[in-house]
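Just so it is clear, the structure is predicted and the values come from calculations on it, not from any experiment.
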Amino acid sequence: MIIQIVPYQEDYHDKLMDIWYQAVCLTHTFLTEEDIKFYYEMLQNGALNQVEIWLALNENNEPSGFIGLDGKKIEMLFVHPQYHRTGVGSRLIHHAVKIKGIHIQLDVNEQNENAYTFYKQMGFVQIGRSELDHSGRPFPLLHLILKSQ
């Protein structure tokens, strides 16, 4: 289980890329292999350095998930499938609220129904929708804000 949440360290870069890839392949079934490659390269080529990353470490001091923040916005939240439904995602969101305050916002792919359900259970509510994702691709986003915890 989670031992601690720590700031990003470059030594964990490859492990985070693996967590991202494993999680996306499981949860983003609406993406093609070409789409996954596109987003993987975006992440690999610097997207992790553009946000404040926090890691959930397991009992072996290995990352089990991570959250990326830009101010009060969650830009990414990925948990290795081995740790789904174990509280890792919830702990990372609680950590974000602890350091950034309430009213955290995020965008979730409309087609990722499990993630949307998770965020609703965490207290997020929809405040908008976009037809395209941030890369201009046709993957609608739901805009959410945390109203309560």
Side-chain angles (χ1 to χ4, degrees), residues 1-101 103-124 130 132-146 149:
M1 195 43 76
I2 300 175
I3 298 300
Q4 58 184 331
I5 296 178
V6 299
Y8 175 74
Q9 299 168 30
E10 188 66 33
D11 294 350
Y12 289 124
H13 178 80
D14 292 343
K15 182 64 177 170
L16 297 192
M17 293 303 302
D18 181 60
I19 289 170
W20 179 90
Y21 182 78
Q22 297 293 330
V24 166
C25 286
L26 179 68
T27 62
H28 291 62
T29 55
F30 54 92
L31 296 177
T32 66
E33 286 183 38
E34 290 175 6
D35 293 326
I36 292 173
K37 181 180 178 185
F38 171 83
Y39 293 113
Y40 183 90
E41 289 175 3
M42 183 185 302
L43 203 63
Q44 179 73 19
N45 292 325
L48 288 178
N49 297 326
Q50 296 176 8
V51 294
E52 178 183 347
I53 301 284
W54 291 88
L55 315 171
L57 300 181
N58 66 18
E59 62 277 357
N60 298 318
N61 282 327
E62 291 291 324
S64 54
F66 66 96
I67 193 169
L69 307 171
D70 183 7
K72 293 184 80 135
K73 185 168 186 187
I74 297 172
E75 292 292 345
M76 55 187 82
L77 174 63
F78 294 98
V79 176
H80 191 283
Q82 174 183 344
Y83 293 93
H84 282 191
R85 303 191 193 297
T86 64
V88 172
S90 299
R91 288 273 312 271
L92 286 164
I93 288 176
H94 288 299
H95 181 76
V97 170
K98 179 180 173 185
I99 63 173
K100 301 294 181 179
H103 304 303
I104 296 275
Q105 295 186 21
L106 63 86
D107 296 330
V108 64
N109 291 104
E110 187 174 59
Q111 300 101 319
N112 191 344
E113 294 176 15
N114 288 337
Y116 181 54
T117 299
F118 166 75
Y119 292 128
K120 285 195 307 187
Q121 291 171 344
M122 292 293 301
F124 285 87
S130 299
L132 306 175
D133 72 7
H134 299 297
S135 300
R137 292 179 167 231
F139 303 113
L141 295 175
L142 302 177
H143 310 299
L144 310 178
I145 190 167
L146 183 62
Q149 269 245 272

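- A donor-acceptor pair is defined here as one N or O able to donate and one able to accept, closer than 3.5 Å; such a pair exists between the side chain of Asn58 and the backbone of Asn60.
- In this structure, Lys73 NZ and Ile104 CD1 are separated by 11.5 Å, a value rounded to the nearest 0.5 Å.
- Counted by atom type alone, Thr117 and Asn114 present zero donor-acceptor pairs between their side chains at under 3.5 Å.
- Distance check, rounded to the nearest 0.5 Å: CD1 of Ile5 to CD1 of Ile99 gives 9.0 Å.
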Exercise for review: Evaluate the criterion side-chain contact (heavy atoms from CB on, under 4.5 Å) for residue pair Gln82 and Ser64; output intermediate values, then yes/no.
Suggested key: CA-CA 8 Å; Gln82 174 183 344; Ser64 54; over 6 Å; no
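- The CG atom of Leu43 lies 9.5 Å from the CG atom of Asn49; values are rounded to the nearest 0.5 Å.
- Ring orientation note: the planes of Tyr119 and Phe124 are nearly perpendicular, at an angle over 60° on the 30°/60° scale.
- Taking the six-membered ring where tryptophan is involved, the planes of Phe78 and His28 are tilted, since the angle between them lies from 30° to 60°.
- Annotation: side chain of Ile53 is not in contact with side chain of Pro7 (no heavy-atom distance under 4.5 Å).
- In this structure, Val108 and Ala115 approach most closely via the heavy-atom pair CG2-CB, 3.7 Å.
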Exercise for review: Tell me, with the steps shown, if His94 and Lys98 meet side-chain contact (heavy atoms from CB on, under 4.5 Å).
Suggested key: CA-CA 6 Å; His94 288 299; Lys98 179 180 173 185; over 6 Å; no
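- Distance alone, capped at 3.5 Å, places no donor-acceptor pair between the Lys100 side chain and the Lys72 backbone.
- In this structure, Pro63 and Leu16 approach most closely via the heavy-atom pair CB-CD2, 3.9 Å.
- Annotation for Tyr116: atom OH counts as buried by contact number, over 12 foreign heavy atoms lying within 6.0 Å.
- Remark: Glu10 CD is packed, more than 12 non-hydrogen atoms of other residues, nucleotides or ligands lying under 6.0 Å away.
- No side-chain donor-acceptor contact under 3.5 Å links Ser130 to the backbone of Leu141.
- Atom CZ in Phe118 sits 9.5 Å away from atom NE2 in His84 (nearest 0.5 Å).
- Using modelled atom types, one finds a donor on one side chain and an acceptor on the other under 3.5 Å when comparing His134 with Asp107.
- The aromatic ring centroids of Phe30 and Phe139 lie less than 6.0 Å from each other.
- Distance check, rounded to the nearest 0.5 Å: CG of Leu106 to CG of Asp70 gives 13.0 Å.
- Between atom CH2 of residue Trp54 and atom CG of residue Leu92 there is a gap of 11.0 Å, rounded to the nearest 0.5 Å.
- No side-chain heavy atom of Arg91 sits less than 4.5 Å from a side-chain heavy atom of His95.
- You'll find the side chain of His13 reaches within 4.5 Å of the side chain of Met17, heavy atoms only.
- Between Ile93 and Met122 the shortest heavy-atom distance is CG2-CE, 3.8 Å.
- The shortest non-hydrogen separation linking Leu26 to Pro81 is CD2-CB, 3.7 Å.
- Taking every heavy atom of both residues into account, Val79 and Ala23 meet most closely at O-CB, 3.4 Å.
- Judged by distance alone, with hydrogens and angles left aside, the side-chain atoms of Asn109 form no donor-acceptor pair with the main-chain N or O of Gln111 at under 3.5 Å.
- Side-chain atoms of Asp35 come within 3.5 Å of backbone N or O of Thr32 as a donor-acceptor pair.
- Few gaps surround CZ on Arg137; more than 12 heavy atoms of other groups in view lie less than 6.0 Å from it.
- The two residues Gly65 and Ile19 come nearest to each other via the heavy atoms N-CD1, 3.9 Å.
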Practice item. Please lay out, stage by stage, how Lys120 and Leu144 fare under the test side-chain contact (heavy atoms from CB on, under 4.5 Å). Key: CA-CA 9 Å; Lys120 285 195 307 187; Leu144 310 178; over 6 Å; no
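- The closest side-chain heavy-atom distance from Tyr8 to Glu52 is not below 4.5 Å.
- Atom CD of Glu113 sits in a sparse spot, with 12 or fewer heavy atoms from other residues, nucleotides or ligands closer than 6.0 Å.
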